[in-house]
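In what follows, a single structure is set out as structure tokens and then discussed.
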Amino acid sequence: LSSNSSKFIDGLLENQGSLTYSGQNLFFGRDAGNLPARLLNAPGATFLVDGEGDFFQFNASPNYRVDNAGLFIKRGPGTTTVVNNPVFFASTGVVQIESGELMFTTSASLAGTVTGAGTLTFAGGTHSLPEGIAFDPAGLSLSNASLSFGPGVAPQLASLDINASSVSFADDRSLASLTLRNNGRLTMAPATVMTVTGSLDWQAGILTAGGTLRIAPGATASLSSNS
């Protein structure tokens with residue numbers, strides 16, 4: 001899927017091999033609204049987004065989907081790939097964010113494995129990461145979204161930015177960097193501890209009743225802004 005010219009899916013695009021999306025402007029629903037347009041990355045297949053490579057709707061429909069049962073790779077330092085509302089992204093395979101940023105502006109279903117050194121951003125919708133999912137990106141950002149972590153989920157998470165969003169954890173956590181802004185909400189389960197080992201930037205927001213937010217020895221914290 002090359003070049004920046006528009007590409008439209010009205011039916012089913014099924015990948016059973018290796019497909020690279022190196023261009024831009026991939027749309028769902030060209031000829032009418034309410035079409036069951038769908039992109040399926042089958043088991044054993046690889047779908048690589050190399051660069052920006054966003055996903056859009058053209059005519060409105062609640063049925064547009066990206067279903068990944070194979071390997072979905074996001075690559076491209078300094079680039080952001082957006083799965084735009086209302087395109088629904090569901091994965092039972094592997095999502096590997098090698099570099100850059102993968103952003104969801106609506107709810108997504110992430111089972112299987114989510115991994116990589118890049119950044120995953122939830123910019124809308126409600127998301128739940130249940131116990132047992134292999135979810136270990138190093139950085140995570142939220143904007144106008146809600147996310148709950150089950151016990152033991154995301155053990156490699158080092159950086160968390162909560163922007164006008166709500167995040168809850170079911171067990172003890174340790175982060176190198178935590179940012180809370182624009183009425184963000186952090187909820188720790190009763191008797192659990194969130195330990196910040198590097199830097200805490202609390203611009204605005206709420207530490208809800210329940211657990212503890214702890215600034216570790218040697219860490220720095222700032223209660224900034226006038227919000």
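Just so we're clear, the structure is a prediction, and the values are computed from it rather than from any experiment.
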| request: Quick one: pull up CD1 in I9 and CG in L13 and give me the separation to the nearest 0.5 Å. | output: 4.5 Å

| message | Looking at T119 and G139, would you say the former's side chain and the latter's main chain have a donor-acceptor pair under 3.5 Å? | response | no

| query | Any chain of hydrophobic side-chain contacts (each under 4.5 Å) joining M188 to L213? | reply | yes

| task | Decide yes or no for F56 and V87: does some side-chain heavy atom of the first lie under 4.5 Å from some side-chain heavy atom of the second? | result | no

| request: Could you tell me the separation between the CZ atom of R173 and the CG atom of L186, rounded to the nearest 0.5 Å? | output: 11.5 Å

| said: Check whether D171 reaches the backbone of G152 with its side chain - one donor and one acceptor, N or O, closer than 3.5 Å. | reply: yes

| Can I73 be reached from F55 by stepping across I, L, V, M, F, W or Y side chains whose heavy atoms are under 4.5 Å apart? | no

| D136-T115 side chain donor-acceptor pair, cut-off 3.5 Å | yes

| request: Show the numbers, then the answer: is there a ring-ring contact (aromatic ring centres under 6.0 Å, His included) between F89 and F72? | output: CA-CA 11 Å; F89 186 98; F72 182 98; 5.1 Å; yes

| task | Using the test side chain to side chain donor-acceptor pair (under 3.5 Å), find all partners of T80 that sit at least two apart in sequence or belong to another chain. | result | E101

| task | Start with the C-alpha gap between F88 and Y64, add the side-chain angles, then the distance that decides, and say whether ring-ring contact (aromatic ring centres under 6.0 Å, His included) holds. | result | CA-CA 6 Å; F88 185 77; Y64 303 146; over 10 Å; no

| request: Treat each ILVMFWY residue as a node, draw an edge where side-chain heavy atoms are under 4.5 Å apart, and state whether F8 and V66 are in one component. | output: no

| Hey, are the side chains of I215 and T195 touching, using non-hydrogen atoms and a 4.5 Å cut-off? | no

| said: With a 4.5 Å cut-off on side-chain heavy atoms, are S165 and R185 touching? | reply: no

| task | Find the distance between OG1 (T197) and CG (L200) and round it off to the nearest 0.5 Å. | result | 11.0 Å

| Using 4.0 Å as the upper bound for N to carboxylate O, is an ion pair formed by D161 and R181? | yes

| field | H127 and its ring-ring contact (aromatic ring centres under 6.0 Å, His included) partner, picked from F122, F104, F149 | value | F122

| message | Within the 4.5 Å heavy-atom criterion, are M194 and F169 side-chain neighbours or not? | response | yes

| field | Any R65 side-chain heavy atom under 4.5 Å of L39 side chain | value | no

| Do side-chain atoms of N59 reach the backbone of R30 as a donor and acceptor pair under 3.5 angstrom? | yes

| Do T126 side-chain atoms and S146 backbone N/O form a donor-acceptor pair below 3.5 Å? | no

| message | Please check: side-chain N/O of D201 versus main-chain N/O of T179, any donor-acceptor pairing under 3.5 Å? | response | no

| task | Can you measure from OG1 (T81) to CG (D54) and round to the nearest 0.5 angstrom? | result | 6.0 Å

| field | Sidechain-backbone polar pair: S61 side chain, L35 backbone, donor-acceptor under 3.5 Å | value | yes

| said: Regarding N41 and N15, do their side chains bring together a donor and an acceptor under 3.5 Å, going by distance alone? | reply: yes

| field | Donor-acceptor pair, side chain of D67 and main chain of L40, under 3.5 angstrom | value | no

| field | Sidechain-backbone polar pair: N25 side chain, N4 backbone, donor-acceptor under 3.5 Å | value | yes

| Within-4.5 Å side-chain heavy-atom neighbours: L207 and T212 | no

| Quick one: do F58 and L26 end up in the same hydrophobic cluster if we chain Ile, Leu, Val, Met, Phe, Trp and Tyr together by side-chain heavy atoms under 4.5 Å apart? | no

| Just checking, is any N or O donor in the side chain of T79 or K74 under 3.5 Å from an acceptor N or O on the other one? | yes

| task | Could you check if a side-chain atom of S6 sits within less than 4.5 angstrom of a side-chain atom of F27, using non-hydrogen atoms only? | result | yes

| Residue pair T208 / T187, side-chain donor-acceptor N/O under 3.5 Å | yes

| request: Working to the nearest 0.5 Å, report the span between CG of L102 and CD1 of I97. | output: 5.0 Å

| Between S199 and S177, is any pair of side-chain heavy atoms under 4.5 Å apart? | yes

| request: To the nearest 0.5 Å, tell me how far N84 CG sits from T105 OG1. | output: 4.5 Å

